[in-house]
Amino acid sequence: MVAFSGAGLSAESGVPTFRDAETQGFWLNYDPGKLASPEGFAADPELVYTWYNERRRNIAQVQPNAAHRALAARPDIVNITQNIDDLLHRAGAREVIQLHGTLTVDRCDGKCGYEEEVALHDPPAARECPVCGNWLRPAVVWFGEALPMEAWTEAEERCRSCEVMLVVGTAAEVYPAAGLIGLSKSCGARIIVVNPHASQASALADIEFCGKAGEVLPMLLGG
Ligand code: BV8
């Protein structure tokens with residue numbers, strides 16, 4: 001079984017989803033779509049870096065919720081997530097494929113390959129790469145950037161061969177990640193969607209649980 005997750009998986013932990021960000025202005029007056037982009041970073045590296053540090057501090061202060069724990073308690077489930085938080089890891093999940101990278105690492109925005117771990121509770125200020133002098137930036141995938149090849153290849157392979165794909169807390173609007181749902185379906189997997197609202201995944205669902213991940217997953221997966 002594969003669990004393909006998005007921002008809704010962490011919502012009950014108190015991490016705003018992208019929709020909330022747009023509606024509740026997670027970062028007032030700024031559009032996540034613009035900040036989470038190379039153009040946004042190039043235009044104002046310190047603003048974008050500050051936005052990510054706000055999100056880092058938010059993640060450091062919250063806990064994994066019952067949905068993270070239910071997934072982590074099932075070693076037979078491979079987690080493929082669009083989320084950049086470390087809540088599945090902190091819940092004890094064995095294998096987490098992060099398609100859009102992670103907030104726990106900074107990397108050089110240039111091509112020198114330098115990277116360093118970041119303490120989410122006390123993140124450093126925006127700074128230059130000690131190797132080549134470019135800016136350091138969060139090791140996340142921005143709009144317009146390619147997904148990490150290793151994570152993508154592994155995710156595709158798992159989605160082709162799984163019998164069941166659990167689609168948890170995603171609007172399924174961001175590609176190429178959202179394409180994994182159709183890929184699994186075309187390879188014969190059953191699609192089970194968990195989301196309190198309709199999403200682009202609804203049309204592909206064999207079963208759809210209209211509810212919160214923290215309530216549905218413990219019932220569905222046990223624990
Ligand atoms: C790329 C990291 C090309 C940063 C993110 C077709 C093919 C390929 C690309 C495209 C394409 N069409 C368009 C594109 C471009 C673009 C794209 O998809 N745009 C969208 C807006 C149309 N894609 C890209 O740019 C990708 N790159 O294509 O590169 C390329 C190729 C080769 C070489 C060079 C370039 C990169 C996309 C990755 C962007 N980075 N995140 C960061 O986080 O800051 S995406 C971001 O959105 C997050 O990862 C987030 O997880 C993700 C998806 O959103 P969701 O997770 O679905 O979150 P959302 O808030 O939208 O929805 C939450 C859901 O949860 C809702 O349905 C809600 O009802 C539900 N929910 C709420 N509460 C709960 C709940 N569910 C359960 N329980 C609850 N309690």
Side-chain angles (χ1 to χ4, degrees), residues 3-27 30-41 47-56 58-59 62 64-68 70-71 79-88 96-107 137-149 151-153 155 166-183 192-203 205 208-220:
F4 174 66
S5 57
L9 173 66
S10 299
E12 288 155 272
S13 295
V15 181
T17 68
F18 271 65
R19 323 193 95 47
D20 303 338
E22 277 152 18
T23 50
Q24 295 165 20
F26 176 56
W27 183 259
Y30 290 94
D31 167 5
K34 286 212 175 49
L35 292 183
S37 74
E39 297 73 22
F41 184 66
L47 171 71
V48 173
Y49 198 87
T50 304
W51 180 55
Y52 278 95
N53 277 358
E54 283 301 301
R55 292 172 67 187
R56 282 168 163 159
N58 168 249
I59 301 289
V62 303
N65 63 55
H68 295 107
L71 288 168
N79 284 282
I80 299 173
T81 188
Q82 299 169 93
N83 297 342
I84 58 175
D85 63 49
D86 62 346
L87 295 173
L88 273 169
V96 182
I97 299 172
Q98 291 194 280
L99 296 175
H100 294 161
T102 172
L103 277 173
T104 62
V105 173
D106 269 346
R107 70 170 176 83
R137 37 98 31 112
V140 301
V141 179
W142 282 331
F143 287 102
E145 291 188 322
L147 276 58
M149 186 50 72
W152 179 253
T153 309
L166 207 46
V167 180
V168 184
T170 180
E173 292 172 4
V174 174
Y175 284 82
L180 292 172
I181 307 168
L183 175 66
I192 301 176
V193 173
V194 178
N195 192 324
H197 305 293
S199 70
Q200 292 300 309
S202 302
E208 180 153 21
F209 290 90
C210 301
K212 293 182 173 182
E215 290 160 14
V216 173
L217 290 196
M219 284 189 293
L220 208 55

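For ligands, and for the atoms within them, numbers begin at 1 and follow the listed sequence.
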(request) Scan for salt bridge (Lys or Arg N to Asp or Glu O under 4.0 Å) pairs involving residues 137-148, sequence neighbours excluded, and state none if there are none. (result) D109-R137, R137-E145
(request) Kindly state if atom 13 (C) of ligand 1 has a protein heavy atom within a strict 4.0 Å cut-off, that is, under 4.0 Å? (result) no
(request) Determine yes or no for a side-chain-to-main-chain donor-acceptor pair under 3.5 angstrom, with S10 supplying the side chain and S13 the backbone. (result) no
Measuring only between side-chain heavy atoms, which start at C-beta, is [X] closer than 4.5 Å to [Y]?
X	Y	answer
I59	D86	yes
V168	N195	no
S199	T170	no
Y49	P138	yes
V174	F143	yes
I84	Y52	yes
L87	N65	no
I192	F209	yes

Identify the protein heavy atom lying closest to [atom], giving its residue, its atom name and the separation to 0.1 Å.
atom	result
atom 54 (O) of ligand 1	V174 CG2, 4.2 Å
atom 68 (C) of ligand 1	N195 OD1, 3.6 Å
atom 18 (O) of ligand 1	Y175 N, 2.7 Å
atom 74 (C) of ligand 1	G8 O, 3.6 Å
atom 20 (C) of ligand 1	E173 O, 3.6 Å
atom 66 (C) of ligand 1	R19 CD, 3.6 Å
atom 48 (C) of ligand 1	F18 CE1, 3.4 Å
atom 32 (C) of ligand 1	A146 CB, 3.8 Å

Element-labelled atoms of ligand 1 that are located less than 4.0 Å from some non-hydrogen atom of [X]:
X	result
H197	69 (O)
E145	1 (C), 26 (C), 27 (N), 29 (O), 35 (C), 36 (C)
A7	51 (O), 55 (P), 56 (O), 58 (O)
E12	78 (N), 79 (C), 80 (N)
G169	63 (C), 64 (C), 65 (O), 76 (N), 77 (C)
T170	55 (P), 56 (O), 57 (O), 64 (C), 65 (O), 67 (O)
Y52	4 (C), 42 (C), 44 (O)
N83	51 (O)

So, regarding [X] and ligand 1 (criterion: nitrogen or oxygen to nitrogen or oxygen, under 3.5 Å), is there a contact or not?
X	result
A36	no
A171	yes
G6	no

(message) My understanding is that only one of D85, T81, L103 makes a side-chain contact (heavy atoms from CB on, under 4.5 Å) with Q98; could you say which?
(response) T81
(message) By the definition side-chain contact (heavy atoms from CB on, under 4.5 Å), identify the one residue from I97, L180, I80 that meets it with W152.
(response) L180
(message) Can you tell me how far apart CD1 (I181) and OG (S202) are? Round to the nearest 0.5 Å.
(response) 9.5 Å
(request) Report the member of E215, Q200, H100, R55 with the shortest heavy-atom distance to atom 43 (O) of ligand 1. (result) R55
(request) Have a look at V141, L99, V140, N65 and point out the one with the heavy atom closest to atom 2 (C) of ligand 1. (result) V141
(request) Answer side chain, backbone, both or neither: which part of A11 comes under 4.0 Å from ligand 1, heavy atoms only. (result) side chain
(message) Under 4.0 Å, heavy-atom basis, I'd like to know which part of T17 is in contact with ligand 1: side chain, backbone, both or neither.
(response) both
(message) Under the rule for salt bridge (Lys or Arg N to Asp or Glu O under 4.0 Å), what residues qualify as partners of D106, not counting sequence neighbours?
(response) R56, R127
